Structures are given as structure tokens and as C-alpha cells.
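These notes are about the structure you will find just below.
Just so it is clear, the structure is predicted and the values come from calculations on it, not from any experiment.
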Amino acid sequence: SVLVLTQIHYPGWRASIDGRSAPVLQTDYAFTGTLVGTGSHEIEFRFMPATFIVGAAISLATVLAMILGWRASRRRGHRNVVH
């Protein structure tokens, strides 16, 4: 059987059936689905697009650069003074 979810199919969806990875299908032209065998199963869909991972990595790198810059400026004795 095919389980069809009425959510838009978009790259980044991951599916698992009973804890094992399962293929994510594009069904009915726009929806998301997966193949399911007979019987009772635990099915999980997770959305983790590559753009999210790239954005998180850029944000983390920016925060680390800001911390390193702040520490370097404190070691040199520079202070921001507002007049």
C-alpha cells in the first residue's frame, strides 16, 4: 500500500517505518507518501531540508567569529566608548 499525506512534497522529507529508513515518494503530483507493508507500523516523517542545515552552519560560524573577535579586542585592550 501507499500512505499518502496531504502535505506538499518538497526535498528534505525523510521517512522511517518501524525505525528503518523508507523512501519518500511524490504522490498525486504534489503530495508526500511512502510504501507501507501490511500490518501495524510506526511511521515517522521528518522535514530537514539542506537549506536549513546550511543556514544553521552559517549562523553558528557567524556567532563563533563574533565571539573570537570580541575576545581578541578585549586582549588588545580596546573598548568601545560611546560619547
Between the side chain of Asp18 and the main-chain N/O of His41, is any donor-acceptor distance below 3.5 Å?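 Side chain of Asp18 to backbone of His41: no pair is present.
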Quiz item: Does Pro23 offer a backbone N or O that forms a donor-acceptor pair with the side chain of Thr34 under 3.5 Å?
Solution: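 Pair found, side chain donor or acceptor close to backbone of Pro23.
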How many angstroms lie between atom [atom1] of [X] and atom [atom2] of [Y], to the nearest 0.5 angstrom?
X	Y	atom1	atom2	value
Leu3	Thr32	CG	OG1	10.0 Å
Leu5	Ile43	CG	CD1	8.5 Å
Arg46	Glu44	CZ	CD	4.0 Å

Is it true that [X] and [Y] fall in one hydrophobic cluster, defined by side-chain heavy atoms closer than 4.5 Å?
X	Y	answer
Tyr10	Val4	no
Trp13	Phe31	no
Val36	Leu25	no
Phe47	Ile53	no
Leu35	Val24	no

request  = For residues Phe45 and Gln7, determine if any side-chain heavy atom of one lies less than 4.5 Å from a side-chain heavy atom of the other.
outcome  =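 Yes - at least one pair of side-chain heavy atoms lies under 4.5 Å apart.
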Nearest heavy-atom neighbours spanning [X] and [Y]:
X	Y	value
Arg14	Met48	NH2-O, 4.4 Å
Pro11	Pro49	O-CB, 4.0 Å
Gln26	His9	CA-CD2, 3.7 Å

